[in-house]
J.: 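Handing you this structure, nothing more for now.
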Amino acid sequence: MAGDSFAVRLIRWQRQHGRHDLPWQGADAYRVWLSEVMLQQTQVTTVVPYFLRFIERFPDVVALAAATEDEVLALWSGLGYYSRGRNLHRAAQKVVSQFGGVFPEHFEQLQELPGIGRSTAAAICALAFHQRRAILDGNVKRVLARHGGVAGWPGDGRVEAELWKLAEARLPASDVAIYTQALMDMGATLCRRSKPRCQECPVHTDCAAYQADRVAEFPAARPKKVVPERQAVFLLAMHGNDILLEKRPPSGIWGGLWSLPQFDTAEEARAYCTRTGIETNECRELPGFVHTFSHFKLSIHPLLVSSQRIPTQAAEAGTVWLEVSDALQAAISTPVRQLLLTLNAGRATGI
DNA sequence: AATCCGGGGGA
DNA sequence: TCCCCAGGATT
């Protein structure tokens, strides 16, 4: 037992203690791909309901390819990193147009699909096609950095290259799918970032970090960076139960999503109202809040305007008036959802 | 408040 | 080949 290889011990642990009830386990390439893209920046418990909704609405890659981007982003709403959703849609269309709706099995071909890089391609190859390919996601980086005692921040190119080498070297000759699942499950349940359960780990006897009693030091943390804070005014233009939404540019923050008209200052928001014929007689500021991104904070100042009439002047391109309840079903970001929900709650309590 | 995260795309 | 970008959940 103790003399067994790293992979053999992980596989045995997975059979006994790993997760076996995830809805994409043992599934076809479409489901494995969908789950892997969703899991790229997001934890399992968050992903599961989104995954189930996607599969219900788009049971196969042909159905996904036939949808509009707006539909896909509406189902993606709240998951974040919306380029994943846009790439997912484009990749589905490519699978249909170039591969007749059948997922390619070649590692290189998979990486030519938008949103699929080295690790995601390897995950599809290993989990769906039982090929001998190494993945390296965040969980695996942590497991390998601790077990191998790999110093340095994994975001560093040289450190990452070392981890890829280790990932390849640890691969078993067979049972790669269950081994791959073992690595991910171990990272999520035992070899966690905080409070790791090393006593239960099947490879703690030769884990470099554990043997040196330095588990908390691996992997090294990302170098600190100060995040700047920006200000923005979000215009909530109401007409009865309708609210004005504006489609964001196809790339950048919340790319392709429906958002509230956004301005640097309240003066610019008022000027916009005047220009487009939105009355500003009833106009007040709602409580502000901060939304945090990876590289900056956005301090949001909501401005509520109730217009008696819907503007008849030429509407701005890419805008739409929607009932608030319909807007909540659209492709919107989390801060916009929060504001719309606040609006509903306020209406219910007469505020 | 701090931390985590695969891939795209431009420098 | 770097380096920057990107959203939300968890701790």
Side-chain angles (χ1 to χ4, degrees), chain A residues 32-50 73 76-91 94 107 110-126 133-146 153-161 163-164 167 180 183-184 187-189 191-196 216-230 232 248-257 259 289-300 331-338:
Chain A
V32 169
W33 164 63
L34 178 60
S35 69
E36 285 299 322
V37 172
M38 287 183 166
L39 289 165
Q40 276 171 7
Q41 307 289 344
T42 315
Q43 297 208 338
V44 167
T45 51
T46 306
V47 162
V48 168
Y50 280 88
L73 290 179
W76 200 272
S77 173
L79 259 189
Y81 283 97
Y82 298 93
S83 62
R84 291 184 297 168
R86 298 194 304 271
N87 286 333
L88 192 82
H89 186 228
R90 287 171 50 214
K94 218 168 165 180
F107 184 59
L110 284 168
Q111 284 177 84
E112 285 166 22
L113 297 172
I116 300 183
R118 181 177 176 181
S119 187
T120 302
I124 296 168
C125 284
R133 291 284 176 188
I135 67 162
L136 191 64
D137 67 10
N139 282 335
V140 179
K141 284 176 181 172
R142 189 168 54 251
V143 172
L144 294 180
R146 284 175 175 168
W153 175 52
D156 181 291
R158 285 166 311 213
V159 177
E160 191 176 21
L163 290 169
W164 270 116
T180 300
L183 270 178
M184 300 190 297
T189 63
C191 198
R192 304 180 295 195
R193 183 166 64 88
S194 58
K195 300 181 189 172
E217 296 171 44
F218 293 87
R222 158 196 291 271
K224 286 191 196 302
K225 230 180 1 181
V226 279
V227 287
E229 183 169 325
R230 302 180 201 166
R248 303 215 25 123
S251 64
I253 290 166
W254 302 322
L257 266 62
S259 192
F289 59 98
V290 176
H291 186 78
T292 307
F293 295 93
S294 52
H295 61 306
F296 71 95
K297 294 178 181 182
L298 188 63
S299 178
I300 296 172
I332 55 174
S333 66
T334 294
V336 170
R337 183 174 304 279
Q338 283 172 7

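These numbers come from the heavy atoms of this one structure, side chains and all, not from hydrogens, waters or symmetry mates. Letters A, B, ... mirror the listed sequences (proteins, then strands); counts begin at 1.
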J.: Suppose you measure atom P in dA6(C) against the same atom in dA11(B); what distance do you get, rounded to whole Å?
T.: 15 Å

J.: Decide whether Arg248(A) and Ser333(A) meet the rule of one side-chain donor and one side-chain acceptor closer than 3.5 Å.
T.: no

J.: Nearest whole angstrom, please: distance from the P of dA6(C) to the CZ of Arg86(A).
T.: 11 Å

J.: Thr46(A) has a side chain; which of dT10(C), dG6(B), dC4(B) sits nearest to it?
T.: dT10(C)

J.: By nearest nucleotide on DNA chain C, pick out whichever of Thr334(A) and Arg193(A) is the more 5' one.
T.: Thr334(A)

J.: When you get a sec, tell me which of dA9(C), dA6(C), dG6(B) is the closest nucleotide to the side chain of Phe296(A)?
T.: dA6(C)

J.: Could you check which of dG8(C), dG6(B), dT11(C) has an atom nearest any side-chain atom of Ser194(A)?
T.: dT11(C)

J.: Of Ile253(A) and Thr45(A), whose closest DNA chain C nucleotide lies nearer the 5' terminus?
T.: Ile253(A)

J.: So, applying side chain to side chain contact (heavy atoms under 4.5 Å, CB included) with Thr42(A), which one of Thr46(A), Leu39(A), Val44(A) is it?
T.: Thr46(A)

J.: Check every strand shown and say whether Arg118(A) touches a base, only sugar-phosphate, or nothing at a heavy-atom separation below 4.0 Å.
T.: sugar-phosphate

J.: Note every stem involving DNA chain B: at least three consecutive Watson-Crick or G-U wobble pairs, i with j then i+1 with j-1, with both distances under 3.5 Å.
T.: B:1-5 with C:7-11, B:7-11 with C:1-5

J.: Grab the two heavy atoms, one from Arg86(A) and one from Ser251(A), that are nearest each other, plus how far apart they are.
T.: NH2-CA, 4.1 Å

J.: Pick base, sugar-phosphate or nothing for Gly157(A), based on heavy-atom distances below 4.0 Å to the nucleic acid.
T.: nothing

J.: Can you name the closest pair of heavy atoms from Pro154(A) and Ala220(A) and give their distance?
T.: CD-O, 3.6 Å

J.: In whole Å, I'd like the distance from the CG atom of Leu39(A) to the C1' atom of dC4(B).
T.: 14 Å

J.: Is the distance from OP1 or OP2 of dG7(C) to the nearest side-chain N or O of His291(A) less than 4.0 Å?
T.: no

J.: Any base atoms under 4.0 Å from Leu136(A), or only sugar-phosphate, or nothing? Heavy atoms, all strands.
T.: nothing

J.: Expressed as a whole number of angstroms, how long is the span from Trp153(A):CH2 to dC2(C):C1'?
T.: 12 Å

J.: Is a donor on one side and an acceptor on the other found under 3.5 Å between the side chain of Tyr50(A) and the backbone of Ser77(A)?
T.: yes

J.: Spell out, as yes or no, whether a donor-acceptor pair under 3.5 Å connects the side chain of Lys94(A) to the backbone of Pro114(A).
T.: no

J.: Within the 4.0 Å heavy-atom criterion, would you say Pro335(A) contacts the bases, only the backbone, or no part of the nucleic acid?
T.: sugar-phosphate

J.: Can you see if the side chain of Tyr81(A) gets near the phosphate of dC5(C) - specifically, an N or O under 4.0 Å from OP1 or OP2?
T.: no

J.: Nearest-Å distance, NE2 (His295(A)) to C1' (dC5(C))?
T.: 5 Å

J.: Which of the following nucleotides, dG6(B), dG8(C), dA6(C), is nearest to the side chain of Ser333(A)?
T.: dG8(C)

J.: Taking the side chain as every heavy atom from C-beta outward, state whether Glu36(A) and Ile116(A) have any pair of such atoms under 4.5 Å apart.
T.: no

J.: Let's test your reading of the model: under 3.5 Å, does the base of dG6(B) pair with the side chain of Gln41(A) as donor and acceptor?
T.: yes

J.: What I'd like to find out is whether the side chain of Cys191(A) reaches to under 4.5 Å of the side chain of Phe218(A), using heavy atoms alone.
T.: no

J.: Quickly work out the Arg90(A) CZ to dG7(B) P distance and round it to whole Å.
T.: 15 Å

J.: Under 4.0 angstrom, heavy atoms only, what part of the nucleic acid is Ser251(A) near: base, sugar-phosphate, or nothing?
T.: nothing

J.: Establish, with yes or no, whether the OP1 or OP2 oxygen of dG8(C) is under 4.0 angstrom from a side-chain nitrogen or oxygen of Thr292(A).
T.: no

J.: Return the value, rounded to whole Å, for the distance between atom CZ of Arg84(A) and atom P of dG8(C).
T.: 10 Å

J.: Roughly how many Å is it from CG in Asp156(A) to C1' in dC2(C), rounded to a whole number?
T.: 11 Å

J.: Report the C-alpha distance between Phe296(A) and Leu298(A) in whole Å, list the side-chain angles of each, state the deciding distance to 0.1 Å, and finish with yes or no for side-chain contact (heavy atoms from CB on, under 4.5 Å).
T.: CA-CA 7 Å; Phe296(A) 71 95; Leu298(A) 188 63; 4.1 Å; yes

J.: In this structure, how many angstroms lie between the P atom of dT11(C) and the NZ atom of Lys195(A), rounded?
T.: 8 Å

J.: Under 4.0 Å between any heavy atoms, over every strand shown, what does Gly78(A) touch: base, sugar-phosphate, or nothing? Just pick one.
T.: sugar-phosphate

J.: Measure from the side chain of Ser119(A), starting at C-beta and using heavy atoms only, and say which of dG8(C), dC5(B), dG7(B) lies closest.
T.: dG7(B)

